[in-house]
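Shown next, in structure tokens, is the structure this report addresses.
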Amino acid sequence: MTPEWLVSLGPSVTLTTGASSVALDEAESELGVAWPPSLRELLAASDGLQGAHGVGVVWSVGRIVRDNRAFRDSADFRELYMPFEHLLFFGDAGDGDQFAFPILAGAIRSEDVFVWRHETDSRAWLAPSLERYLRVALVGASAG
């Protein structure tokens, strides 16, 4: 995903300087899972992607690590929600709902995007790829 393609998603898209491959490698190591190529490519083009009203459509590398550690390590979350070890969170809707790739047997085996709804602790399929997720989140196109 090039910065030009990302900007083409709409006027509300805000880009930043891309993350280095070293930062991406360190983040993957910290969380113990290789990230999907599409996420690495996007983060190399822009370390995070904000939509309208500053919504974190795709978080920065630092926030991905920080929030995933918090979800996995919080004793309070363990009491309230199903485990989070099988999700790699990377963005949010600005209302508490989070977006994630599934982790199966210690690896991300598909680029499907799921939404975790915090109010119900439900996890549901949203889109078949990061690109389609971005179109849904930023343009409003249907996921199918």
Side-chain angles (χ1 to χ4, degrees), residues 1-74 77 80-144:
M1 288 175 216
T2 65
E4 295 78 22
W5 183 83
L6 294 170
V7 168
S8 77
L9 292 171
S12 65
V13 175
T14 303
L15 304 179
T16 65
T17 301
S20 71
S21 60
V22 170
L24 290 164
D25 291 344
E26 288 174 353
E28 287 178 333
S29 179
E30 168 77 18
L31 295 177
V33 65
W35 296 359
S38 61
L39 182 60
R40 284 186 63 103
E41 182 182 352
L42 184 149
L43 292 168
S46 177
D47 189 12
L49 189 64
Q50 289 189 347
H53 312 292
V55 171
V57 175
V58 176
W59 298 332
S60 68
V61 171
R63 182 164 178 201
I64 290 172
V65 170
R66 187 173 53 254
D67 281 23
N68 278 275
R69 294 274 20 124
F71 273 93
R72 295 174 188 177
D73 297 342
S74 169
F77 284 176
L80 291 171
Y81 304 117
M82 292 184 286
F84 293 110
E85 286 78 13
H86 67 284
L87 296 171
L88 175 69
F89 291 108
F90 66 84
D92 68 82
D95 61 2
D97 292 348
Q98 315 285 317
F99 302 103
F101 292 105
I103 300 172
L104 305 169
I108 294 177
R109 303 193 187 277
S110 79
E111 294 215 13
D112 288 341
V113 174
F114 285 76
V115 58
W116 170 66
R117 301 199 190 286
H118 72 287
E119 293 162 338
T120 61
D121 193 25
S122 64
R123 293 112 197 262
W125 181 87
L126 179 69
S129 66
L130 182 60
E131 179 181 338
R132 179 59 83 178
Y133 158 76
L134 292 172
R135 290 186 186 282
V136 169
L138 297 169
V139 182
S142 66

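Note that the numbering runs from 1 along the sequence shown for the chain. Note that the structure is a prediction, hence the values are computed from the model and not measured.
To the nearest 0.5 Å, atom CG of residue Leu39 and atom CZ of residue Phe101 are 5.0 Å apart. How far CG of Leu31 is from CD1 of Ile64: 8.5 Å, rounded to the nearest 0.5 Å. Residue Leu130 holds its CG atom at 7.0 Å from CD of Glu111, rounded to the nearest 0.5 Å. To the nearest 0.5 Å, the span separating CG on Leu9 from CD on Glu131 amounts to 8.5 Å. Rounding to the nearest 0.5 angstrom, the gap separating the CG atom in Asp73 from the CG atom in Asn68 is 10.0 Å. Once rounded to the nearest 0.5 Å, the distance linking OG of Ser60 with CZ of Arg66 reads 6.0 Å.
Nearest heavy atom pair, residue Val57 against residue Ala137, reads CG1-CB, 3.9 Å. In plain terms, the two heavy atoms of His86 and Pro83 that are nearest each other are CE1-O, 3.0 Å. Heavy-atom minimum distance, Val55 versus Ala93: CG1-C, 3.7 Å. Minimum heavy-atom separation, Phe77 to Ala70: CD1-O, 3.9 Å. Considering every non-hydrogen atom in both Ala27 and Val65, the closest pair reads CB-CG2, 3.4 Å. Taking both residues in full, the closest heavy atoms of Asp112 and Pro102 are given as O-CD, 3.2 Å, listed atom of the first, atom of the second, then distance.
Here Asp95 pairs with nothing under the side-chain hydrogen bond (donor to acceptor under 3.5 Å, both in side chains) rule; sequence neighbours left out. Residues passing the side-chain contact (heavy atoms from CB on, under 4.5 Å) test with Gln50, sequence neighbours excluded: Thr14. Tyr133 meets the ring-ring contact (aromatic ring centres under 6.0 Å, His included) test with Phe90, Phe99; sequence neighbours excluded.
Side chains of Leu15 and Leu49 form a contact here, defined as non-hydrogen atoms less than 4.5 Å apart. With contacts defined as side-chain heavy-atom distances shorter than 4.5 Å, the pair Val13/Leu134 does not qualify. For the pair Leu43 and Trp35, the minimum side-chain heavy-atom distance is below 4.5 Å.
Listed for the Asp121 side chain is a donor-acceptor partner under 3.5 Å among the backbone atoms of Met82. When atom types are taken as modelled, the side chain of Ser29 and the backbone of Glu26 share no donor-acceptor pair closer than 3.5 angstrom. Under a 3.5 Å cut-off, the side chain of Ser46 and the backbone N or O of Thr16 do form a donor-acceptor pair.
Proximity of the aromatic rings of Phe71 and Tyr81 is defined here by a centroid distance below 6.0 angstrom, and this criterion is not met.
The side chain to side chain donor-acceptor pair (under 3.5 Å) pairs that include a residue from residues 96-109 are Asp97-Arg117, Asp97-His118, where partners are two or more places apart or lie in different chains. For residues 54-64, the set of pairs meeting the salt bridge (Lys or Arg N to Asp or Glu O under 4.0 Å) definition, not counting sequence neighbours, comprises Arg63-Asp67, Arg63-Asp92. Residue pairs meeting the salt bridge (Lys or Arg N to Asp or Glu O under 4.0 Å) criterion with at least one member in residues 14-25, sequence neighbours excluded, are Asp25-Arg40.
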Test side-chain contact (heavy atoms from CB on, under 4.5 Å) applied to Phe84 and Arg123, step by step: CA-CA 10 Å; Phe84 293 110; Arg123 293 112 197 262; 3.3 Å; yes
